[in-house]
K.L.:
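Here it is, the structure, as structure tokens.
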Amino acid sequence: RNAERTRNTPPPASPPPVMAHAQHVGAAKALVDMVKDNPQLINEPELSFLKDFLKTFKVPVPAEDEDSDLDDLPELEDVNMPPPASAPSNPFEEESEEEQSEEDEPDEGLMEADEDPSQEMGDPTMEVTDEMREAAAPFKMEAADLVAQGDLEAAIVKYTKVVTMAPSALAYAGRASAFLKLEKPNAAIRDCNAALSLNQDSAKALKCRGAAYRAIGEYELALKDLAQGQAVDFDEATEEVRRFVTVKVQEANERKLRRRAKAEARAKKAAAKKASQGSSSGFPGGMGGMPGMGGMPGMGGMPGMGGMGGMPGGMPPGMMEKLLQNPELMQAMQNPKFMAAMMDCQSNPANMAKYMADPEFAEVANKLQGLFGAG
């Protein structure tokens, strides 16, 4: 019996494998960081292996969006369809009541937009001499002292004297900061625009305008300014705001993608139903389906990686795997400077030529282009 027990005893566990190659560790870390930023990515088909792995350790994973469950959709014949004339011209614009009631967490930093007449702006194009700067210097110092004392209204009066006597990016940005503290975001944006017309790399003006855009709920504009300002002069307080607006932009993009996905799914289901009915009645080509229903325009999108810097768009098949094989590229895409440049190019593609003159940007852009080409 002892011999039988010995024969039935399982062999000892094999020793743990040798630590993975550093490149694989880097890719794994990048993947984990990405899923942390956007937990819904765990439901992407390319990450099914990771989801199954986590489940073996009984780690809870976020459920797929209930809106994407298409099995519970009613058949078209059970729905009271409106007459064709009242149907929306664009299926992507159609929203259900559930989607319309969908709201994000309230933003306690929102301000009521000020509708005051424009403040005295001076002439930003004025050529300022040394004598003019010297004459305005005392008012500039008084304005800074008044801000420190909390007398913002008086500080704005002094800053106004400075911008009319010797306009400068710093003077406009200083007055903008005072306006924002008084909860006048539109006035702050006007001053920041003037400051950036004099110095497009003014970190103070970029950060202040980004904070003002956030205050009126313009999160994409806020993210662009804050990322660019952080690339010039990083500080932790602004980084906290940048992370907040990044989440807001991601949430808005995810809602758009869900609406598109549901519209495409409904259209596909309608096409399949029509094709099935056509086939059963002997209609030629009934099983072929409706032309073009394989993918609605724009569903590919730019590989924004969901949680990578808030960049919008979906992910083409296979792109996740390619990016995971290049942790250096994934790290570069999270650089605030690169994120700001990409958002600027998305709003105006003609700006790509300007950024391609930057060797660092050009290197990352060419690598991304190589991934697209290889796909």
Side-chain angles (χ1 to χ4, degrees), residues 38-52 61-104 220 249-307 311-323 346 349 368 371-375:
N38 188 356
Q40 278 296 331
L41 282 178
I42 199 70
N43 294 311
E44 291 286 338
E46 294 93 336
L47 294 183
S48 59
F49 71 94
L50 179 58
K51 184 176 182 180
D52 293 341
V61 296
E64 294 189 46
D65 195 325
E66 293 180 358
D67 289 344
S68 64
D69 186 357
L70 303 176
D71 294 335
D72 296 330
L73 288 175
E75 295 295 330
L76 292 179
E77 58 194 18
D78 298 331
V79 180
N80 294 324
M81 299 295 290
S86 64
S89 58
N90 184 353
F92 292 145
E93 295 175 357
E94 189 177 10
E95 292 187 18
S96 66
E97 292 181 4
E98 183 179 351
E99 288 170 328
Q100 291 172 351
S101 64
E102 186 180 64
E103 294 181 0
D104 297 332
E220 289 195 15
V249 171
Q250 288 173 351
E251 289 172 345
N253 289 332
E254 287 167 4
R255 283 196 300 275
K256 291 176 186 176
L257 289 175
R258 284 198 296 270
R259 286 198 295 268
R260 287 183 173 182
K262 286 197 287 187
E264 181 182 356
R266 290 190 178 102
K268 280 185 177 180
K269 193 166 186 177
K273 182 80 172 178
K274 184 175 180 179
S276 176
Q277 291 173 347
S279 175
S280 62
S281 62
F283 186 82
M287 292 305 293
M290 185 177 291
M293 292 312 297
M296 282 288 187
M299 283 306 294
M302 181 177 179
M305 298 294 294
M311 293 178 69
M315 184 181 299
M319 186 57 65
M320 171 83 73
E321 182 181 354
K322 292 179 181 179
L323 284 170
Q346 283 184 302
L368 278 174
L371 284 183
F372 277 115

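The first residue of the sequence shown is numbered 1, and numbering continues consecutively from there. Note that these values count all heavy atoms, side chains included, but never hydrogens, waters or copies made by symmetry.
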K.L.:
Which atoms form the tightest heavy-atom contact between Glu220 and Asn253, and what is the distance?
P.N.:
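Closest heavy-atom pair between Glu220 and Asn253: OE2-OD1, 4.1 Å.
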K.L.:
Looking at side-chain heavy atoms only, is the closest gap between Lys269 and Arg266 below 4.5 Å?
P.N.:
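The answer is no; the side chains never approach within 4.5 Å.
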K.L.:
Between Glu264 and Arg260, is there a salt bridge with N-O shorter than 4.0 Å?
P.N.:
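No, Arg260 and Glu264 are not salt-bridged.
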